[in-house]
Amino acid sequence: MSTATETAHHGEHDDHHHHAPAGLKRWLLTTNHKDIGTLYLWFSFIMFLTGGAMAMVIRAELFQPGLQIVDPNFFNQMTTVHGLIMVFGAVMPAFTGLANWLIPMMIGAPDMALPRMNNWSFWILPFAFLILLSSLFMEGGGPAFGWTFYAPLSTTYSSDSTALFVFSVHIMGISSIMGAINVIVTIWNMRAPGMTWMKMPMFVWTWLITAFLLIAVMPVLAGVVTMVLTDKYFGTSFFNAAGGGDPVMFQHIFWFFGHPEVYIMILPAFGIISHIIPTFARKPLFGYASMVYATASIALLSFIVWAHHMFTTGMPVAAEMFFMFATMLISVPTGVKVFNWVATMWRGSMTFEIPMLFAIAFVVLFTIGGLSGLMLAITPVDFQYHDTYFVVAHFHYVLVTGAVFSIMAAAYYWLPKWTGVMYDNTLAKWHFWASLVSVNVLFFPMHFVGLAGMPRRIPDYALQFADFNKWISIGGFAFGLSQLIFLALLIKACRKQGEPATSQVWDGAEGLEWEIPSPAPYHTFDTPPLIK
Amino acid sequence: MAQEEYQKYYVPEQSVWPIVGAVALFLIAVGAGNLTIDITNGNEGYGQWVLLAGIVTLIVMVTGWFRNQIHESMSGLYSDQLGRSYRQGMAWFIFSEVMFFAAFFGALFYARTIAIPWLGGASNNAMTNEVLWPGFEAVWPLLQTPGGIESTQMGWFGLPLVNTMLLLTSSVTCHYAHVGLEQNKRKQLSWMLGLTILLGCVFLGLQVEEYIHAYDIGLTLDSGMYGNTFFLLTGFHGMHVTLGTVILIVLWFRVQKGHFTPDNHFAFQAGSWYWHFVDVVWVMLFFFVYIL
Ligand code: HEM
Ligand SMILES: [Cu+2]
C-alpha cells in the first residue's frame with residue numbers, strides 16, 4: 001500500500017482525518033509535516049511552562065535578600081536547567097515546529113522532503129529532556145554549572161550525573177541536525193515551479209540560513225560536551241592546565257557554537273516579523289532583497305564574534321579589539337532589518353490585531369536588547385558588565401521579547417490557518433497586554449541592578465538591590481501567570497471553539513498558505529501550484 | 001517538465017522505525033550515561049545492559065528501516081526528486097561530521113599554538129610559567145605535561161604510514177568500484193568493493209595494534225594534551241572507519257543480490273562519499289597528529 005497513488009486521488013478536500021490512523025498511533029508514527037509541526041509546538045510549549053516553573057523558583061528565592069527557600073546547589077540547578085530547557089526545549093523546537101507547519105505550505109510542497117526522518121527528529125526530543133530532567137533527581141543533583149557548562153565547573157566540580165547531561169545534549173544535537181538537513185533539502189528541492197530564490201517568503205529564507213548555522217555548529221557542541229565527558233570521567237585534560245589544556249579553550253569552543261546558536265534563535269523570528277508587519281501595514285515588505293542579504297551577512301558574521309563572551313578571560317589586546325569590532329559590525333545588518341520593518345509600517349494603513357501587537361512589541365523591545373548588546377560589545381565597558389544582571393537583561397530582551405514574542409506572534413498569526421477558527425480575542429488581548437507590561441517589569445530593572453554590580457547566578461545579593469529585585473520577582477510571577485491565559489486560549493482554539501476562519505484570514509495577508517482552506521487540509525499541494 | 005517530476009513525488013507511508021530509533025537513542029544515552037558514572041565510581045550497575053539494549057534496538061531499527069527503504073526503492077516508488085533529496089541530505093550529514101572533527105582539530109591547534117606556549121611563558125604569560133608551572137617547557141609533542149606526566153611520541157613512520165597508504169589505496173579502489181557500477185561492469189564493481197572492505201579491515205586491525213603499542217610505550221588517554229588529541233582524533237576516526245566498513249559490507253551484499261543500476265544507486269553513492277570522507281579526515285590526521 002503506497003501513498004504515492006493515494007495522494008493522487010486525495011485532492012484537497014477538507015476531510016483531514018481521512019487517511020490518518022487515529023489515536024496515539026497517529027502521533028507516534030506520523031510522517032505528516034502538519035502533525036509533526038503540531039507535536040513540536042506543543043512539546044515546546046510544555047517545555048516553556050516547565051522552564052518557566054524553574055524561573056519561578058529562581059525569582060521566589062531572589063524575592064528577598066538572604067537564603068530563603070531553596071539551597072544554593074538547587075538554585076544553581078534551577079538556573080542551569082532553566083537555561084537549557086528554554087534554549088533547546090522551548091525556543092528551538094518552537095521554530096522547528098513552525099518550519100514544519102509553514103515551509104511546505106509556503107513553497108507549495110506536499111510535505112517535507114524526508115518525512116520519516118522528520119518524525120525521528122521530533123521523537124528524540126521528549127526522550128532527551130526526560131533524561132535531562134530526571135538527572136535532577138539523582139544523587140548529587142542535576143547539572144548546576146550554568147547552561148554554558150564552563151569547565152572546570154562541569155568537569156572537576158560537577159555532580160555525578162553530568163554524563164547524563166552530556167548524552168542528552170548529544171541526542172538533542174542529533175535531532176537538531178536532522179531537522180536542519182530536512183529543512184535545507186526541502187527548500188532546495190521541493191519549491192513549486194516558479195518559486196525562484198528571490199520570490200521565497202522571508203520565513204523560508206531565514207530558516208534556510210538558520211539550518212546552515214545549525215549544521216555547522218551543533219556538531220561543535222557535540223564535540224565540546226564530549227571533551228567535558230572525557231575530562232570528567234576518562235582522565236583527559238582538554239580543559240586542565242596541568243595536562244597542557246586550558247579552561248579558556250572550553251569557552252572558545254563553546255562560544256564558537258554558542259554565538260551562532262543565539263542567531264539560530266533569532267533569525268527565524270526575523271522571518272516571522274517580516275511576514276506579519278507587511279500584512280497589517282498592508283504594504284509589501286520594504287527592502288526584501290536587503291532583508292535576504294542582511295540575514296546572510298548576520299549568519300556569516302556570527303562565526304567571527306564568539307569571543308565577545310570572553311572579554312574578561314585575558315585574551316591578548318589584539319583579539320579583544322578584533323572581537324569588539326566584529327561584534328559591532330553585526331549591528332549593521334541587524335539595523336538594516338529594524339529599519340526595513342519601520343519603513344514597512346511607514347504610511348501603511350495599519351491595524352492592530354494581536355499578531356501585529358506582538359510584532360510591534362518585538363521591534364521595539366528587541367531593539368532595546370540589541371542596544372544593550374552593543375554596550376556589552378564595547379570591550380572595556382564589558383569588563384564591568386560581564387557576568388552581571390546587565391547581561392541577563394540583554395539576553396532576555398533579545399530572547400523573551402525577541403524570540404519568544406515572535407513565536408507568540410506567529411502562533412496568533414497562523415493559528416486560524418491551523419485550527420480553522422479564530423482565537424478568542426478577549427483572552428488574546430489579556431495575554432498580550434499582561435505579557436507586555438509584566439515582561440518589562442521583569443527585565444527592565446535588571447539593567448539597573450546589573451549596572452550597579454549585582455552578579456548573575458547567585459542565590460543571594462547585597463541589601464541595596466532588594467527593592468529592584470522585589471519588583472523583578474513580581475514582574476516574573478505576573479509574566480508566568482500571563483502565559484496560563486495563552487494556554488487557555490490555545491486549548492480553546494485546538495478544540496475549535498471560535499469563529500470559523502476564512503482561507504484568507506487576514507485581509508492584507510499574502511502567500512501560498514493563505515490560498516488553501518482553513519484549517520489547512522491534511523495534505524496540501526499534491527499538485528504543485530504555479531507561482532507567477 | 002518540472003511539473004511532471006513533481007507529481008511523482010512520493011509521500012512515504014507511516015513507519016514504525018523512526019520511533020524505534022528514538023527509543024534506541026534514549027536507551028543508548030541512558031545506558032552510556034549510567035555506565036560512565038558507574039565505571040568512575042567503581043559501582044556495579046545496569047548501564048551496560050541498557051546500552052546494549054539500545055545498540056541492539058538501533059541495529060534492528062537501521063536494518064528494518066533500510067530493508068523497507070530498499071524494498072520501496074526496488075519497486076520503483078522513488079523519483080529523481082527524492083534521489084536528489086537523499087543525496088543532498090547525505091552531503092549535509094557529511095558536512096556536519098566535518099564540523100564535529102573540526103572541533104577536535106580546533107582543540108589540537110589551540111593547544112599547540114596558544115595554550116601550551118602560554119603555559120611556557122609566551123606572550124605576556126611569563127609569570128604564569130614562573131609561578132604556576134616553574135620549569136615547564138612548551139614543546140610539541142607535549143611529552144611532559146606541566147603537571148609532570150610523561151609520555152612517549154608516536155612516530156609517523158611504520159604503522160601510521162602503512163595505514164595512510166592503505167586508506168589512500170582504498171579510496172582509489174572505492175572509486176573504481178563506483179566506475180564499475182556506472183559502466184555496468186558488475187565484476188569490477190564487486191571485486192573493487194570487496195578490496196575496499198578488505199583494506200578497511202586491515203586498517204582497523206593495524207589501528208588496534210597501534211593502540212596496544214601506544215599503551216606499551218606509555219602514551220595513554222590520560223597522558224595530557226598530546227595523548228588526548230591523539231586518542232580522541234584517531235579514536236573517532238576509527239569509529240567512522242568502522243561504520244564506513246559496515247556500510248560497504250552491506251553494499252557488497254546488495255551488489256551480490258543484483259541491486260543498483262548505473263543510474264540509480266543512491267545508497268552506493270552515499271557509502272562511497274562517506275568512505276572518501278573518512279579518508280580525507282585521515283590524511284588531515286596523518287599530517288597534523290603524526291607528522292607535524
Ligand atoms: C546587536 C546584536 C548583539 C550584540 C552586539 C550582542 C552582544 C553580546 C555580548 C557582548 C554579550 C556578552 C556579555 C557578557 O557576557 O559580558 C552577549 C551575551 C548574550 N547575548 Fe547578545 N548580542 C546581540 C544580540 C543578541 C541576540 C539577537 C541574541 C539572541 C537571540 C543574543 C543572546 C545573547 C545571550 C544568550 C547572551 C548571554 C550568554 C550567557 O553568558 O549566558 N544576543 N551579547
Ligand atoms: Cu554572542
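What you see is a predicted model; the values in this text were computed from it and never measured. Proteins get letters first, then strands, A, B, ... in listed order; numbering begins at 1 in each.
- Using a 4.5 Å cut-off between heavy atoms, A:Thr226 contacts chain B through its side chain alone, with no backbone atom that close.
- With a threshold of 4.5 angstrom between heavy atoms, B:Leu119 approaches chain A through side-chain atoms but not through N, CA, C or O.
- Proximity to chain B is limited to the side chain of A:Ile253, based on heavy atoms less than 4.5 angstrom apart.
- Heavy atoms closer than 4.5 Å to chain A are found in both the backbone and the side chain of B:Ala107.
- Both the backbone and the side chain of B:Trp92 come within less than 4.5 Å of a heavy atom of chain A.
- Aromatic rings of A:Trp120 and B:Trp65 (six-membered ring for Trp) have centroids within the 6.0 Å cut-off, being under it.
- Contact annotation for B:Ile149: neither backbone nor side-chain heavy atoms come within less than 4.5 Å of a heavy atom of chain A.
- Heavy atoms closer than 4.5 Å to chain B are found in the side chain of A:Leu130, but not in its backbone.
- When atom types are taken as modelled, the side chain of B:Thr145 and the backbone of A:Ala242 share a donor-acceptor pair closer than 3.5 angstrom.
- Counting heavy-atom pairs closer than 4.5 Å to chain B, the top residue among A:Val220, A:Asp160, A:Ile171 is A:Asp160.
- Heavy atoms from other residues, nucleotides or ligands lying under 6.0 Å from CZ of B:Phe109 number more than 12.
- Interface residue B:Asn68: only side-chain heavy atoms are found under 4.5 Å from chain A.
- The most heavy-atom pairs under 4.5 Å with chain A, out of B:Thr220, B:Ile37, B:Thr40, come from B:Ile37.
- Looking at B:Asn124, there are no atoms closer than 4.5 Å to chain A (heavy atoms on both sides), in backbone or side chain.
- Contact of B:Val23 with chain A is made through backbone and side chain together, with heavy-atom distances under 4.5 Å.
- Closest non-hydrogen pair, B:Met99 versus A:Ile215, comes out as CG-O, 4.1 Å.
- Residue A:Leu214 does not touch chain B at all, counting heavy-atom pairs closer than 4.5 Å.
- Residue with the most contacts toward chain B among A:Phe122, A:Trp123, A:Phe234, A:Phe167: A:Phe167 (heavy-atom pairs, distance under 4.5 Å).
- Classification of the B:Phe104-A:Phe238 ring pair by plane angle, with boundaries at 30° and 60°, yields perpendicular.
- At a 4.5 Å heavy-atom cutoff, the contact between B:Leu232 and chain A is made by side-chain atoms alone.
- The 12-atom threshold is exceeded at CD of B:Gln153, counting heavy atoms of other residues, nucleotides or ligands nearer than 6.0 Å.
- A 6.0 Å sphere centred on CZ of B:Phe66 holds no more than 12 heavy atoms belonging to other residues, nucleotides or ligands.
- Considering only heavy atoms from C-beta on, B:Gln14 stays 4.5 Å or farther from A:Lys25 through its side chain.
- Contacts with chain B were tallied for A:Gly245, A:Gly314, A:Ser168; A:Gly245 has the most, counting heavy-atom pairs under 4.5 Å.
- Applying side chain to side chain contact (heavy atoms under 4.5 Å, CB included) to A:Pro219 and the options B:Phe95, B:Phe101, B:Phe100 leaves one that passes, B:Phe100.
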